[in-house]
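Written out below as structure tokens is the structure these notes cover.
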Amino acid sequence: MSIAVIGAGKWGQALQFALSRNFTCKITSRQQKSIENFVNLEEALTCQYLIFALPAQVVRGWLETHFSFSGQKILVAAKGIEQGSGAFLNEIFANFVPEDHLSFLSGPSFASEVIQGLPTALVINSTNDILAKEFASFFPSFIKTYTSKDVIGAEVCGAYKNVLAIASGICDGLRLGNNARASLIARGLVEMRRFGKYFGAQDETFLGLSGAGDLFLTASSTLSRNYRVGLFLAEGKKLEDILIALGEVAEGVFTSAAIFELSLKHTIYTPIAHEIALILKGKEPRISVKDLLAD
Ligand SMILES: NC(=O)c1ccc[n+]([C@@H]2O[C@H](COP(=O)([O-])OP(=O)(O)OC[C@H]3O[C@@H](n4cnc5c(N)ncnc54)[C@H](O)[C@@H]3O)[C@@H](O)[C@H]2O)c1
Ligand SMILES: O=P(O)(O)OC[C@H](O)CO
């Protein structure tokens, strides 16, 4: 069995750490890094199993430039919707990989905790149940794995919760209180369910690890990059400066624009994501709060 992680950022390295408990797990990235079992891209691409831990916004370009399908089984670990096209990752990957070779990872998973071997529970989502079970079996005992066929549900949850985490960071940054944050998260869950149902997601996904699990985690911790973006926006910092200081990807910034466009196109009521998209374009957060309360 050969397995490789594509992308050696925070999440790629944490996944390689976890999968190395039971197997030799290779890793590659565009810059050479001194990590055990780091290999060049050509070698990584010969592996039977590939895990993609690249930011959602670069996935299409990366696949076009580097990837040619030769039977590899894929687990996509990114969480986001492509800005501009509004494409979900499963739609992008479908241009390059047959559906029965594709699976998607979801659930509460701060890389900084996974890389310490702290426990969590994750979901492998695939229309191919055998593939999902195969990937699920690779994870070490400190990660409990479940499988699901609700690919679009898991994708919407993983992407949408990043936008809601920005909202939650803004709420806390403005010191609106615990009641406000709980209200925001609860209404956010309703909103992301409404959005997901439009695209065919199953109800139970929103109440499980991929939905409520990952949302509660990300929207209530400074370990979340997206939540921290919200905190800094509330302090009046410029988005450009926040992202430079962060130095890592905050997918919610791009996903909020994608949700904004998709919601307008399909007439889906998404007030929180709508306000976050406007705040990221310069709207004053306190005015957004007033508008949300009045809506
Ligand atoms: N960090 C986490 O806790 C975590 C957990 C679950 C899911 N994710 C998701 O995983 C994805 C990656 O996140 P991360 O935390 O590893 O981000 P990161 O910012 O730590 O790392 C991103 C990596 O992608 C590489 N990269 C960027 N543009 C590239 C390009 N054009 N070609 C090749 N490589 C490129 C960077 O060099 C970097 O190594 C995101 O979608 C994120 O939402 C992250
Ligand atoms: O740090 P964030 O906000 O990108 O969140 C990381 C993970 O998605 C949490 O499950």
Side-chain angles (χ1 to χ4, degrees), residues 5-18 27-35 38 40-41 44-45 50-67 75-83 88-89 92-93 104-116 118 120-125 139 143 154-170 208-232 242-256 258 276:
V5 176
I6 312 278
K10 277 272 164 62
W11 192 215
Q13 291 195 47
L15 284 169
Q16 190 220 12
F17 167 83
I27 188 163
T28 190
S29 76
R30 57 186 170 169
Q31 280 139 8
Q32 173 85 28
K33 293 197 177 175
S34 61
I35 307 171
F38 188 96
N40 63 32
L41 180 59
L45 288 174
L50 296 178
I51 300 180
F52 277 82
L54 296 173
Q57 308 306 319
V58 309
V59 159
R60 188 191 296 273
W62 191 94
L63 288 167
E64 280 167 355
T65 311
H66 299 291
F67 190 72
L75 176 63
V76 180
K79 294 174 180 171
I81 305 174
E82 190 179 54
Q83 188 175 358
F88 295 106
L89 289 169
I92 297 174
F93 270 91
F104 298 82
L105 185 62
S106 62
S109 47
F110 283 139
S112 54
E113 294 187 356
V114 169
I115 208 156
Q116 294 176 64
L118 296 172
T120 190
L122 300 178
V123 189
I124 317 290
N125 307 275
F139 282 80
I143 297 180
E155 268 216 63
V156 166
C157 289
Y160 217 112
K161 65 87 189 169
N162 287 329
V163 178
L164 298 172
I166 295 177
S168 186
I170 292 172
L209 293 164
S210 311
D214 207 3
L215 171 62
F216 295 167
L217 174 85
T218 320
S220 60
S221 170
T222 51
L223 288 181
S224 161
R225 285 97 42 112
N226 289 288
Y227 176 89
R228 293 206 300 275
V229 167
L231 279 181
F232 291 132
I242 295 170
L243 296 182
I244 291 169
L246 193 66
E248 292 171 23
V249 70
E251 293 277 19
V253 171
F254 313 102
T255 295
S256 65
I276 296 307

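Read the numbers this way: they start at 1 and go in the same order the structure lists the ligands and their atoms.
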>> Show me which atoms of ligand 1 lie under 4.0 Å from any heavy atom of A53.
In response: 12 (C)
>> What protein heavy atom lies closest to atom 20 (O) of ligand 1? Include the residue and the distance to one decimal.
In response: K10 N, 2.9 Å
> For ligand 2, is there an atom lying under 4.0 Å from some heavy atom of K161?
Replying inline: yes
>> As an exercise, identify every atom of ligand 1 less than 4.0 angstrom from a heavy atom of A111.
In response: 1 (N), 2 (C), 3 (O)
> Is the shortest distance from a heavy atom of S109 to ligand 2 less than 4.0 Å?
Replying inline: yes
> Going by the order shown, which atoms of ligand 1 are within less than 4.0 Å of some heavy atom of F110?
Replying inline: 3 (O)
> Looking at ligand 2, does G158 have a heavy atom less than 4.0 Å from it?
Replying inline: no
>> I need the atoms of ligand 1 closer than 4.0 Å to a non-hydrogen atom of V58, numbered in the order shown.
In response: 28 (N), 29 (C), 30 (C), 31 (N)
>> Can you name the atoms of ligand 1, numbered from 1 with element, that are less than 4.0 Å from a heavy atom of A77?
In response: 7 (C), 9 (C), 10 (O)
>> Under 4.0 Å from a heavy atom of W62: which atoms of ligand 1 are those, numbered in the order shown and with their elements?
In response: 32 (N), 33 (C)
>> I need the nearest protein heavy-atom contact for atom 10 (O) of ligand 1: residue, atom name and distance, please.
In response: W11 CD1, 3.3 Å
>> Under a 3.5 Å threshold, yes or no: a donor from one side chain and an acceptor from the other, between S106 and S210?
In response: yes
>> When you measure from the side chain of N162 to the backbone of N226, do you find a donor-acceptor pair of N or O atoms at a distance under 3.5 Å?
In response: no
